[in-house]
Amino acid sequence: MRVDVISIFPEYFAPLDVSLIGKARERGILDIHLHQLRDWAHDVHRTVDDTPYGGGPGMVMKPEPWGEAIDTVLAADPAAQPRIIVPTPSGVPFTQKLAMEYAAEPWLLFTPARYEGIDSRVMAEYGSRMRVDEVSVGDYVLAGGEVAVLVMVEAVGRLLPGVLGNANSAVDDSFAPGAMENLLEGPVYTKPPEWRGHEVPEILLSGHHGKIARWRRDEALRRTARNRLELLAALDPETLDKHDRKL
Ligand SMILES: CN1CCN(Cc2ccc(Cn3ccc4ccc(-c5n[nH]c(N)c5C#N)cc43)cc2)CC1
């Protein structure tokens, strides 16, 4: 998968050199290209923003630098088109389902903005030729889109074949389709069996895989009911067995 990111703060993406995503880049699974938007701002001050038409607070990012920057990225492979992803507080929710959809794309272009966002004509221009998604990573306000891109690149990158070892399959993720869909993971434990008077639940030491699986699902249901009751309401009743219903 190729990923391009255009930003006035490309240094925000240093974390993409480490850990899981860094290793995926080293192994050629992910090919990430960072671009400094100001390279396409040709005035002496490399200006990328201006006052909003119609008045109002803050500044808006000018269309010209973005247009030239995106055109340059598109020219990297004229025979293909990336899916353009625009982080914005007013976007559709970024979900595990959307992460899985993006993980199937060969090329993603992220356009994290600053200020009040990008002149709307930019995405109108490209939206007439390719998929442009306005996406929000959560119901809170960030200062710009870079952190949102880090979130999305990690959530998508970990789903790519070969990135997670078999032992850490994403299949069991919360929110992933299947038995755990819409369920939060339950508690996890490792050695030692007793720590500061806290013992590991006996069932987990029993070696009885069926009972362990049952216990884990019970704990997942309990945690989901405690922390995200609305997810339980969204559970397909068909996926609940008679034991679940007794909880
Ligand atoms: C007067 N009011 C008029 C409305 N604005 C709304 C507003 C406009 C921009 C910004 C800052 N910003 C700039 C680019 C950018 C991209 C993503 C996000 C973002 N925030 N939260 C998410 N989940 C995000 C994601 N993904 C924020 C961004 C913050 C708030 C405030 C002032």
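Whatever order the structure lists them in is the order used to number ligands and atoms, beginning at 1.
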Looking at [Y] and [X], is there a salt bridge between them, counting it only when a charged N and a carboxylate O are closer than 4.0 Å?
{"X": "Asp244", "Y": "Arg214", "value": "yes"}
{"X": "Arg222", "Y": "Glu219", "value": "yes"}
{"X": "Glu105", "Y": "Arg131", "value": "no"}

Would you mind running through ligand 1 and noting each atom that sits below 4.0 Å from a heavy atom of [X]?
{"X": "Tyr115", "answer": "9 (C), 10 (C), 11 (C), 12 (N), 13 (C)"}
{"X": "Arg114", "answer": "13 (C), 14 (C)"}
{"X": "Tyr140", "answer": "20 (N), 21 (N), 22 (C), 23 (N)"}
{"X": "Ala148", "answer": "25 (C), 26 (N)"}
{"X": "Pro87", "answer": "16 (C), 17 (C), 26 (N)"}
{"X": "Val135", "answer": "26 (N)"}

**Study point:** Heavy atom of Phe94, distance to ligand 1 below 4.0 Å
**Key:**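 The answer is no, since Phe94 has no heavy atom less than 4.0 Å from ligand 1.
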Review point. Is ligand 1 less than 4.0 angstrom away from at least one heavy atom of Pro57?
Key: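 Distance cut 4.0 Å: Pro57 passes for ligand 1.
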Looking only at heavy atoms, what is the nearest atom pair of [X] and [Y], with distance?
{"X": "Val163", "Y": "Arg158", "value": "CG1-CA, 3.8 Å"}
{"X": "Pro93", "Y": "Leu98", "value": "O-CD2, 3.9 Å"}
{"X": "Pro87", "Y": "Val149", "value": "CG-CG2, 3.7 Å"}
{"X": "Leu183", "Y": "Leu232", "value": "CD2-CD2, 4.1 Å"}
{"X": "Pro63", "Y": "Arg121", "value": "CG-NH2, 3.9 Å"}

Give me the nearest non-hydrogen protein atom to [atom] as residue plus atom name, then the distance to 0.1 Å.
{"atom": "atom 28 (C) of ligand 1", "answer": "Gly144 CA, 3.6 Å"}
{"atom": "atom 2 (N) of ligand 1", "answer": "Glu116 OE1, 4.2 Å"}
{"atom": "atom 14 (C) of ligand 1", "answer": "Ala113 O, 3.3 Å"}
{"atom": "atom 18 (C) of ligand 1", "answer": "Pro89 CD, 3.5 Å"}
{"atom": "atom 23 (N) of ligand 1", "answer": "Gly138 O, 2.8 Å"}

Review point. Polar-atom distance check: Leu142 versus ligand 1, any N or O pair below 3.5 Å?
Key: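 Looking only at distances, the answer is yes, because the N/O contact criterion of under 3.5 Å is met.
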Review point. Polar-atom distance check: Val141 versus ligand 1, any N or O pair below 3.5 Å?
Key: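 It does not: no N or O of Val141 is found under 3.5 Å from an N or O of ligand 1.
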Exercise for review: Please work out whether the ring planes of Phe94 and Tyr102 are parallel, tilted or perpendicular, with thresholds of 30° and 60°.
Suggested key: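 Answer is parallel, since the angle falls under 30°.
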Point to revise | Parallel, tilted or perpendicular: rings of His35 and His33 (30°, 60°) | key: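 Rings of His33 and His35: parallel, as their planes differ by under 30°.
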**Study point:** Part of Thr88 with heavy atoms under 4.0 Å of ligand 1, whether side chain, backbone, both or neither
**Key:**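 Answer for Thr88: backbone.
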Check your understanding: Is Ala143 touching ligand 1 with its side chain, its backbone, both, or neither, if touching means heavy atoms under 4.0 Å apart?
Key ->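 For Ala143, the contact with ligand 1 is made by the backbone alone.
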Review point. What's the verdict on side-chain hydrogen bond (donor to acceptor under 3.5 Å, both in side chains) for Thr72 and Trp40, showing C-alpha distance, side-chain angles and the deciding distance?
Key: CA-CA 9 Å; Thr72 304; Trp40 290 277; 3.0 Å; yes
